[in-house]
Amino acid sequence: KNQVEQSPQSLIILEGKNCTLQCNYTVSPFSNLRWYKQDTGRGPVSLTIMTFSENTKSNGRYTATLDADTKQSSLHITASQLSDSASYICVVTAGYGNKLVFGAGTILRVKS
Amino acid sequence: DTEVTQTPKHLVMGMTNKKSLKCEQHMGHRAMYWYKQKAKKPPELMFVYSYEKLSINESVPSRFSPECPNSSLLNLHLHALQPEDSALYLCASSQGSYGTMMHEQFFGPGTRLTVL
């Protein structure tokens, strides 16, 4: 069964600190993996998209990693800001781009 | 223009009403999507249009009726909804090609729907 599991479910950190969010997937065949940031009541915004051959991709203070062998991905946020408070969703594309499998998301709260 | 717009932002309707949600993009994308998202849950795919034809219907009840008048517009017609249909409805678009959902999806801000 295609599944994407994210951890932790929620996280609270102090402004300026780093954090890492995890995503484990059992999706086959794998096409790509994406991380989205979703502010409350808004649509998701793409942070990174990685294919099988990519193991690191950065977007500003966000760095995603992918280990296709262990089927794990992480999203590392550096020097967190209050505006990073949001839900972070891991999404894996299965098959030949005909199926998206969403994780439940990690709710991050950055406090001052 | 790298934006997907949705109207209205908020909608309150009774169970006997008929209303429509609208979505528009001008990025030349040929695939458009409707998602439903309940609070603290990930989006759930409802429909996919590829080159203005319905390609995926995820067993959505007939009280939701999608329409794609042209490559830039996507509507979702609502009729006889239930209170449990209250949710954030998201529209997205992506390049339309083989393996439609392979490509990055750009989401709109959503319409917050409340069914009384």
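Excluded from the calculations below are hydrogen atoms, water molecules and symmetry mates; all remaining heavy atoms, backbone and side chain alike, are included. Reminder, nothing fancy here: chain letters follow the sequence lines and each chain counts from 1.
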Restricting to non-hydrogen atoms, name the atom on A:Pro44 and the atom on B:Leu90 that form the minimum distance, rounded to 0.1 Å. CD-CD1, 3.8 Å
Residue part contacting chain A, namely of B:Gln37, when any heavy atom lies under 4.5 Å: side chain
Less than 4.5 Å apart, any side-chain heavy atom of B:Pro42 and any of A:Val91? no
Can you tell me if B:Lys41 has over 12 outside heavy atoms packed within less than 6.0 Å of its NZ? no
Please enumerate all residues that pass ring-ring contact (aromatic ring centres under 6.0 Å, His included) together with B:Phe107, with sequence neighbours excluded. A:Tyr36, B:Tyr35
Any idea which heavy atoms bring B:Leu88 and A:Gln38 closest together, and the distance? CD2-NE2, 4.1 Å
Over 12 foreign heavy atoms within 6.0 Å of CD, A:Gln9: no
Residues that B:Arg112 engages under salt bridge (Lys or Arg N to Asp or Glu O under 4.0 Å), provided they are two or more places apart: none
Of all heavy-atom pairs linking B:Glu104 and A:Ile49, the shortest is N-CD1, 4.2 Å
Do other residues, nucleotides or ligands put more than 12 heavy atoms under 6.0 Å from the NZ atom of B:Lys19? no
Find out whether A:Leu100 and B:Gln105 are in side-chain contact, i.e. whether some heavy atom of one side chain is under 4.5 Å from a heavy atom of the other. yes
